[in-house]
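In what follows, a structure is listed as structure tokens, so that the remarks can point back to it.
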Amino acid sequence: MGTTNRSRQAEVLVIGFGKGGKTVAATMGGLGKRMVLVERSARMYGGTCPNVGCVPTKALVHHSRKRRPADVPQEWYERSVGEVQALTKLFRGGDYDGLNDMDTVSVITGSAAFTDPHTVRVETADGPLTITAETILINTGSEPITHPTSTEAFNDVLATIVRSDV
């Protein structure tokens, strides 16, 4: 995929490097489709699970079970966090290299915004890049919601759910 005047053409553009995005990019790229995968942060290649979700959480739990009474708490904690960060960095690198090393897939780090139904402008460290694709998949994840904690707010939510089920 050549770059001309900071623009690219792809058959499929995926916005978001999470589980779904990387799977689509690898599969379609393997089938010979010209793919571009855009991720806002190099620290999130691979998505939430390997970077800030499942993997680091479980790794820290694992480390917590290995702490001995003789371990100095602050030193143990810093070592554990360092080992978990090394693990997530290894996963990120593997995810990035596995896709970016494919001839048909390009990984771009930057923030994407639509300019029309088939075009996005990506703000990268090297300046803006325009990407046009026939198919654009949005794989940007979700945001958690906070449930009400007060009894009154909880009862309001419960009443709304009960009314909607009738």
Pairwise side-chain contact, [X] with [Y], heavy-atom cut-off 4.5 Å (strictly under):
X: Val12; Y: Leu137; value: yes
X: Tyr45; Y: Leu99; value: no
X: Leu87; Y: Val55; value: yes
X: Val14; Y: Val36; value: no
X: Ser64; Y: Trp76; value: yes
X: Asn139; Y: Val24; value: no
X: Val120; Y: Thr130; value: no

Determine the minimum heavy-atom distance between [X] and [Y], stating which atoms define it.
X: Cys49; Y: Pro56; value: O-CD, 3.5 Å
X: Glu11; Y: Gly32; value: OE2-O, 4.0 Å
X: Gly47; Y: Pro50; value: O-CD, 3.6 Å
X: Val105; Y: Ala25; value: CG2-O, 3.6 Å
X: Thr23; Y: Lys19; value: OG1-O, 2.7 Å

Rounded distance (nearest 0.5 Å) linking atom [atom1] of [X] with atom [atom2] of [Y]:
X: Ser7; Y: Ile131; atom1: OG; atom2: CD1; answer: 9.5 Å
X: Met44; Y: Thr109; atom1: CE; atom2: OG1; answer: 12.5 Å
X: Ser106; Y: Arg34; atom1: OG; atom2: CZ; answer: 10.5 Å
X: Glu123; Y: Arg40; atom1: CD; atom2: CZ; answer: 13.5 Å
X: Arg121; Y: Asp116; atom1: CZ; atom2: CG; answer: 13.5 Å
X: Met35; Y: Thr27; atom1: CE; atom2: OG1; answer: 9.0 Å

Within the side chain of [X], is there an N or O that forms a donor-acceptor pair under 3.5 Å with the backbone of [Y]?
X: Glu39; Y: Phe17; value: yes
X: Asp71; Y: Pro73; value: no
X: Asp97; Y: Gly94; value: no
X: Asn100; Y: Val107; value: yes
X: Thr119; Y: Thr115; value: no

**Asked** Is there a path of hydrophobic side-chain contacts, each under 4.5 Å between heavy atoms of I, L, V, M, F, W or Y residues, that connects Phe91 with Val52?
**Response** no

**Residue among His63, Arg79, His62 satisfying side chain to side chain contact (heavy atoms under 4.5 Å, CB included) with Val84** = His63

**Request:** With Val38 as reference, evaluate Ile136, Val122, Thr140 under the side chain to side chain contact (heavy atoms under 4.5 Å, CB included) test and give the passing residue.
**Result:** Val122

**Item:** Worked check of side chain to side chain donor-acceptor pair (under 3.5 Å) between Arg6 and Thr124
**Value:** CA-CA 11 Å; Arg6 298 287 297 158; Thr124 73; 3.0 Å; yes

**Working for salt bridge (Lys or Arg N to Asp or Glu O under 4.0 Å), residues Asp95 and Arg92** = CA-CA 5 Å; Asp95 284 336; Arg92 267 194 308 278; over 6 Å; no

**Request:** Mind running side-chain contact (heavy atoms from CB on, under 4.5 Å) on Leu37 and Tyr96 for me, showing each step along the way?
**Result:** CA-CA 10 Å; Leu37 178 62; Tyr96 177 85; over 6 Å; no

**Request:** For the residue pair Asn51 and Arg43, confirm or rule out a side-chain donor-acceptor distance under 3.5 Å.
**Result:** no

**Asked** Is it true that the side chains of Arg8 and Thr132 contain a donor and an acceptor less than 3.5 Å apart?
**Response** no

